[in-house]
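Scroll down for the structure; my scribbles are underneath it.
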Protein chains: 2
Amino acid sequence: MTAAADGSGAATFRPTSFALYGLTPEVERAVDLALQEDRLDDVEALIKPLHAADLADLLERQDRDDRRQLATLLATDFDPLVLSYLDETVRDEVMMAIDDGDLAEAVAQLDSDDAVDLIGELDAPEQVRLLKALPARDRAMVEEGLTYPEESAGRLMQREVVVLPTHWTVGQTIDFLRTGADAPDDFYGIFVVDPARRPVGILYLDRLLRANRPVRISDIMQRDFHRLPVAMDQEEVALLFRQYGLVVAPVTDNENRLLGAITIDDVVTVIDAEAEEDLMRLSGVSGVGLYDNFWNVSRNRFTWLAINLLTAVIASSVIGAFQTTIEKIVALAVLMPIVASMGGNAGTQTITIAVRALAMRELTAINAGRFVARETIVGSVNGVAFAVIAGLISWLWFGDLQIAGIMAAAMIVNLIVAGLFGTLIPLTLDRFGIDPAVASSVFITTVTDVIGFLSFLGLAAFILL
Amino acid sequence: MTAAADGSGAATFRPTSFALYGLTPEVERAVDLALQEDRLDDVEALIKPLHAADLADLLERQDRDDRRQLATLLATDFDPLVLSYLDETVRDEVMMAIDDGDLAEAVAQLDSDDAVDLIGELDAPEQVRLLKALPARDRAMVEEGLTYPEESAGRLMQREVVVLPTHWTVGQTIDFLRTGADAPDDFYGIFVVDPARRPVGILYLDRLLRANRPVRISDIMQRDFHRLPVAMDQEEVALLFRQYGLVVAPVTDNENRLLGAITIDDVVTVIDAEAEEDLMRLSGVSGVGLYDNFWNVSRNRFTWLAINLLTAVIASSVIGAFQTTIEKIVALAVLMPIVASMGGNAGTQTITIAVRALAMRELTAINAGRFVARETIVGSVNGVAFAVIAGLISWLWFGDLQIAGIMAAAMIVNLIVAGLFGTLIPLTLDRFGIDPAVASSVFITTVTDVIGFLSFLGLAAFILL
């Protein structure tokens, strides 16, 4: 029997993107059309069955005017979850389209972590306005949340937790939960605390369900768990969750008292954000999103390009020093970008590995030396390989053995430099507390451009003139 | 009262990396020293309290010999979880150091998804050997898992699930769970199925705990949930979990029958892997890890560098066409890399945004046009800005207004081209089913190099000669 015949379907299923999502391209086009033709009732009927995340996507993909119109349609009976799924730029626009009262009502329905996240990203005057509109209890909770540093465990945590004393039994616990007392919407674990509210164990729900009523919860709770200090950076939180496969962990204050909980679904958001940040920083595009307007994006890109212009000018000044050499042998001008480009690419390869490994804490003081050595050897091996290939190309092109030899030598030098500095630059930046994702690629291309031009043109000047 | 004084500690806590991990740098150094001095009892005492994930890190960071020695120490009473945390290269080495019997015993203890994952990555002869050593029931389960395509939901899913018929009550369910019948180690939800084993609802444990014994589970289960076809790609699975904040979802066959479950902790691994893959592919370093030896790494990097050499030669041939121009005005050779480099950087910025947005399904047919337009406008805005700056620099450097004007014009052309092609290249690749992360950066640098040299030198030849 084959896999397909027994119904497992491995051989026949073709994933059609989005088919499983509520927001299919057909629905999206139908909404677009209905908006254009001002059939607002149809729009409402189309978007009613959508999940908050899909509504958020739909809002994001509209242009400004349609977005405002959609937001106004959604405003009555507004699902606050839509806001937490929205990209920051779009969220600001949508929040402007909804009046303060409706907005406050919506925010009050959110879990505390989502509410803090949302209000934390507003400008100060808007923050004050929305906080004022919130019910007193929610306001206090959000205000407390805002006292923690951005991107900390305190910002990420949910304040609504189920807490029990150690001496309770399984039966008591289940009876208590059945009263429906003040529990959060969803929870995966219960925190067992001592009289000072310090967590001493986590009781997972499957353990609770498997035990008999007279069993003490102190006998079935997990005593070995990780506490997250409230000011811990969210990146560190994500690393801990990944490292130990955590599902839920308590957040504690300086006195080790329970303040709230972080669950793995909060961490998924952090993991995504951190991965995106590293990727974006390596290319100098962090800080603006897909939905920012061209003016913000232009300004944001400008800084990175300006830094790049500076490094390009530095590299060019090396060429400038060899003008007389180039004047005599113009083939050098044709070939020199090859050396620089190969060095830049090899350096970027090494830096990418290093930045990711540093972010994942896989590269540490213990194995850094071995990593530097390996990358330098890799640079030497490929340096020799490309010395042969690029030398051959140069020889065929210009029929000059000396130029071919110079090309070969410069290639070896530059690829070794790429391996060596491609490791040393991010390791050094990390050592000094600078995010290696931000600055590494500027440094490495400067180094490989300068060394590339210098070794190639310098050797040429020395040998040929 | 300040945040610090009331014990929330926001102001005083300083995250010290690793301090919360079991494998502190001190422990690591102590293990290293004990290994060097052959104090194996001390090594054992040091590593005994470590979590499997920490043991895996420790193994990864050793050199080959120490690693083999450590693996042999761990072999008796081996914790199989260590294997699932290990990097692939290191895992092969460690598995070689442990004999088949011990290994099979360890693998049999793993959850089915981890076992399939592990055995699926072995070479065919080793696979057969290890499968033979497994108990019959585990072997059948693993062999079935291996029939699903790599990186599919079938590979990712756990086969051990708790399943109930719709007509049961809360009381019956809890009594059943208390018998301890064949439940997986940890579970967050129970699948409610019809007589044909098709899932009709998910019962979350917190809902079960909050309901009274006579309540029917069909009244408290969640009827609205996502089914994952067994051959669905893991990237798609991760997108669904993120989009809808899922915690657990059933995996089904062609007939919609329940085969297993995927939980959010499996998805975290996928999210990490996919983010890493995109990052690595953009720089041409995917396929080898931090712990591969220099030879594998060199070969892996070679391909990418060879492609880059080809594109560099193409760009250089453009310069070659203008040799006479350069011979007459050598300043052009000095300035031309600036134009190419600025275009390359601007193009990479755009491509990074596009690749990430395509991977996250944020860029679709609906908003692609707007994105292309925005990036082209951004290219124009920064093109004009850098035309002024780079023109000024050229004028100050060479005191030639014509060269400055040519530089300015070439800069505008190349930055617009970078924006336009930086969006069109990844969108086109994606349209044709080619991963834009793999090929985009080669294409864009070729385009911006060629256009950069061509516009700058071409204009110069036209105007100055």
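Each chain gets a letter, A, B and so on, in the order its sequence line appears, and its residues count up from 1.
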For A/Gln323 and B/Val330, the nearest pair of non-hydrogen atoms, with its separation, is OE1-CG1, 3.1 Å

dist B/Leu209:CG -> A/Asp206:CG (nearest 0.5 Å) comes out at 10.0 Å

Comparing B/Ala354, B/Ala52, B/Ser317 against chain A, the one with the most heavy-atom pairs below 4.5 Å turns out to be B/Ser317

(Q) Taking A/Ala211's backbone N and O only, do any of them form a donor-acceptor pair with B/Arg178's side chain (distance below 3.5 Å, no angle check)? (A) yes

Most contact-rich option vs chain A, by heavy-atom pairs under 4.5 angstrom, among B/Leu305, B/Val247, B/Asp87, B/Ile174, is B/Leu305

Distance col, row B/Phe294:CZ vs A/Arg370:CZ, nearest 0.5 angstrom, shows 15.0 Å

Scanning both residues in full, the closest heavy-atom pair of A/Ser341 with B/Asn308 reads OG-ND2, 3.3 Å

Taken to the nearest 0.5 Å, the spacing of B/Leu332 CG from A/Ile319 CD1 works out to 11.5 Å

In terms of heavy-atom contacts, A/Met336 and B/Ala333 come closest through CE-O, 3.3 Å

Ranked by heavy-atom pairs below 4.5 Å to chain A, first place among B/Phe371, B/Tyr85, B/Phe187 goes to B/Phe187

Interatomic distance, OG1@B/Thr269 vs CZ@A/Arg242, rounded to 0.5 Å, equals 10.0 Å

Separation between OG1 (A/Thr311) and CG (B/Asn345), nearest 0.5 Å, reads 7.0 Å

Nearest heavy-atom contact between A/Arg374 and B/Asn293 is CD-C, 4.4 Å

If you tally heavy-atom pairs under 4.5 Å between each of B/Phe241, B/Tyr204, B/Tyr291 and chain A, the highest tally belongs to B/Tyr291

Q) According to the interplanar angle, ranging from 0 to 90°, do the rings of B/Phe302 and A/Phe386 count as parallel (below 30°), tilted (30 to 60°) or perpendicular (above 60°)? A) parallel

Scanning both residues in full, the closest heavy-atom pair of A/Asn382 with B/Ser298 reads ND2-O, 3.2 Å

One should read off an interatomic distance between B/Arg301 CZ and A/Ile353 CD1, to the nearest 0.5 angstrom, of 5.0 Å

Looking only at heavy atoms, the pair that brings A/Thr348 and B/Ser283 closest together is CG2-OG, 4.0 Å

Of B/Arg207, B/Glu60, B/Met342, the largest count of non-hydrogen pairs under 4.5 angstrom with chain A goes to B/Met342

Honestly, the part of A/Asp272 sitting under 4.5 Å from a heavy atom of chain B is both

